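Beneath this line is the structure, given in structure tokens, with notes to follow.
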Amino acid sequence: MTTPLVEMDGDEMTRILWKMIKDELLLPYIDLKTEYYDLGLEYRNETNDQVTLDSAEATKKYGVAVKCATITPNAARVEEYHLKEMWKSPNGTIRAALDGTVFRAPILIKGIVPYVNNWSKPITIARHAYGDVYKNVEIKVPGAGKAELVFTGADGTEIRETIHEFKGSGILQGIHNTDESITSFAKACFNYALDTKQDLWFATKDTISKKYDHNFKDIFQEIYEEEYKEKFEAAGIEYFYTLIDDAVARVIRSEGGFIWACKNYDGDVMSDMVATAYGDLSMMTSVLVSPSGVYEYEAAHGTVQRHYYKHLKGEETSTNSIATIFAWTGALRKRGELDGIKELQDFADKLERACIKTVEDGKMTKSLSMISTCKTPVILNSLEFIQAIRATFDKSE
């Protein structure tokens, strides 16, 4: 390696797996260079979340990052970790800083059959990476009163709308997005569709959200007509818009093999649905791509809290690490592409093939064994599974 990756360490069981992966699958083979940031919840709290902002700036500098899963604290986590405050989602903070689009796709393995039996090709979720509920402002309304939405322009012009006349206590939430970010989202989706030669679907709920969601729809359509329509037609691929409830029905009836673009929260939910339907949440890749060509790779799943508590008790865990391994391979491959190091790209390809072959050979974690068609699976614990992948890697061409 010539240029470092930005390495963002994380929380709970995925933090344990992170070290195993480095020790068993990376350090023995690569002169690994990283700029390390500890995004574990304790250190985020210690630095007042400055470490998260610093890691995003480093990603802009070096161009490629790899991130471990992290905790987004709720009230219970505030108490558990004695936090100064309920810190924002690290992913949300990084997405806002990079203003990119998240592309998530399942890892397909023979013997793990999708729950939707007509899905024969992968479905890629393109998730907008800025705004909406992830940058929200909330108020717990104490009692009766009037809630208003107010915008004061730079010239002093005021727009005011009544949200609700409260007769008692309740809650309020304000969300926003920007035309600039939506434009970046749209262009990233169109470019990714052209690069991968896949149809692009986009869905919101503009019939209900007649200004907010409709703005997304309009920007996508304008950009498509002005910049991408002829390119799509030449490539033999299609772009279309539909309501998100209609999209869900279409997706379930489809064979897969397309990109489904979603707003931020929709993409969060639908990517988990797609990952689970393809087999397992731990079999979903995720890459954040910024308009400037910066890449951040991570697994699409969480910190595997339940397994971590077992680990703390000294109990054996059988946690699937494939998506986290693919986060590393994705980042290493991209680093190799940008720096012209073919050996690094080849290593990433070979390690991914070793992961898939290990499972197809019947060696897997407990969660995979429950959805595999393999009749006699060898169920391995967390470390044994990673070591089995290493053995497969060492034997492969």
Side-chain angles (χ1 to χ4, degrees), residues 7-29 32 34 36-47 51 66-84 86-87 90-91 107 112 272 275-276 279-284 298-328 351 354-355 358-359 361-372 374 376-394:
E7 177 186 352
M8 306 174 186
D9 209 344
D11 287 300
E12 298 189 316
M13 196 63 209
T14 44
R15 188 182 181 98
I16 305 300
L17 296 176
W18 196 258
K19 185 176 187 307
M20 291 179 184
I21 291 166
K22 288 178 66 177
D23 289 346
E24 293 288 335
L25 299 178
L26 303 180
L27 294 174
Y29 307 97
L32 186 65
T34 71
Y36 178 87
Y37 292 86
D38 184 358
L39 265 57
L41 187 51
E42 294 98 332
Y43 194 63
R44 276 184 276 145
N45 188 61
E46 183 181 328
T47 65
V51 65
V66 58
K67 181 181 173 296
C68 183
T70 46
I71 294 169
T72 298
N74 56 16
R77 295 295 204 168
V78 170
E79 185 175 343
E80 179 184 356
Y81 283 86
H82 308 291
L83 302 181
K84 298 173 187 176
M86 197 181 300
W87 303 109
N91 287 345
I107 301 163
I112 298 179
D272 278 8
T276 303
D280 195 279
L281 278 170
S282 59
M283 298 295 288
M284 194 82 164
E298 62 178 322
H301 60 74
T303 58
V304 201
Q305 179 185 11
R306 183 172 56 86
H307 285 202
Y308 179 62
Y309 290 160
K310 288 181 65 177
H311 171 80
L312 290 180
K313 294 176 184 176
E315 298 175 12
E316 188 173 82
T317 64
S318 182
T319 314
N320 181 9
S321 52
I322 285 182
T324 304
I325 296 170
F326 271 58
W328 275 103
L351 183 52
C355 290
T358 300
V359 178
D361 286 347
K363 302 168 188 173
M364 61 193 75
T365 55
K366 185 177 180 181
S367 63
L368 289 178
S369 72
M370 296 171 69
I371 57 175
S372 172
C374 180
T376 57
V378 178
I379 299 175
L380 305 172
N381 66 31
S382 303
L383 178 59
E384 289 170 346
F385 181 56
I386 290 171
Q387 291 172 333
I389 292 170
R390 179 175 179 176
T392 304
F393 178 88
D394 287 339

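Source: prediction; values computed, not measured. Residue indices begin at 1 and follow the sequence shown. Because only heavy atoms are used, hydrogens play no part in the values below, and waters and symmetry mates are left out as well, while side chains stay in.
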For residues [X] and [Y], determine if any side-chain heavy atom of one lies less than 4.5 Å from a side-chain heavy atom of the other.
| X | Y | value |
| --- | --- | --- |
| Tyr37 | Asp9 | no |
| His301 | Met284 | no |
| Leu41 | Thr70 | no |
| His311 | Ile16 | yes |
| Val304 | Tyr308 | no |
| Trp18 | Lys67 | no |

Roughly how far, to the nearest 0.5 Å, is the [atom2] atom of [Y] from the [atom1] atom of [X]?
| X | Y | atom1 | atom2 | answer |
| --- | --- | --- | --- | --- |
| Leu351 | Phe326 | CG | CZ | 8.0 Å |
| Ile325 | Phe385 | CD1 | CZ | 6.5 Å |
| Leu25 | Thr324 | CG | OG1 | 11.5 Å |
| Met364 | Ile322 | CE | CD1 | 9.5 Å |
| Ile21 | Trp328 | CD1 | CH2 | 8.5 Å |
| Met13 | Arg306 | CE | CZ | 11.5 Å |

Exam field: side chain [X] to backbone [Y], donor-acceptor pair closer than 3.5 Å:
| X | Y | answer |
| --- | --- | --- |
| Asp361 | Lys363 | no |
| Ser382 | Thr319 | yes |
| Ser372 | Leu368 | no |
| Ser318 | Thr365 | no |
| Arg15 | Gly10 | yes |

Salt bridge or not between [X] and [Y]? Use side-chain N to carboxylate O under 4.0 Å.
| X | Y | result |
| --- | --- | --- |
| Lys310 | Glu316 | no |
| Arg44 | Asp11 | yes |
| Arg77 | Glu12 | yes |

So which atom in [X] and which in [Y] form the shortest heavy-atom distance, rounded to 0.1 Å?
| X | Y | result |
| --- | --- | --- |
| Ile107 | Ala323 | CD1-CA, 4.3 Å |
| Ser321 | Leu17 | CB-CD1, 4.1 Å |
| Gly362 | Cys374 | CA-SG, 4.0 Å |

Checklist entry - How far apart are the C-alpha atoms of Asn381 and Lys366, what are their side-chain angles, what is the distance that settles it, and do they pass the side-chain hydrogen bond (donor to acceptor under 3.5 Å, both in side chains) test? => result CA-CA 8 Å; Asn381 66 31; Lys366 185 177 180 181; over 6 Å; no

Item to check | Crowding at CD, Glu79 (>12 non-hydrogen neighbours, <6.0 Å) | outcome: no

Next on the checklist: Please determine whether the number of non-hydrogen atoms from other residues, nucleotides or ligands lying under 6.0 Å from atom NZ of Lys19 exceeds 12.
Outcome noted: no

Can a donor-acceptor pair be found between the side chains of [X] and [Y] at a distance below 3.5 Å?
| X | Y | value |
| --- | --- | --- |
| Thr392 | Thr358 | yes |
| Asn45 | Tyr81 | no |
| Ser282 | Asn320 | yes |

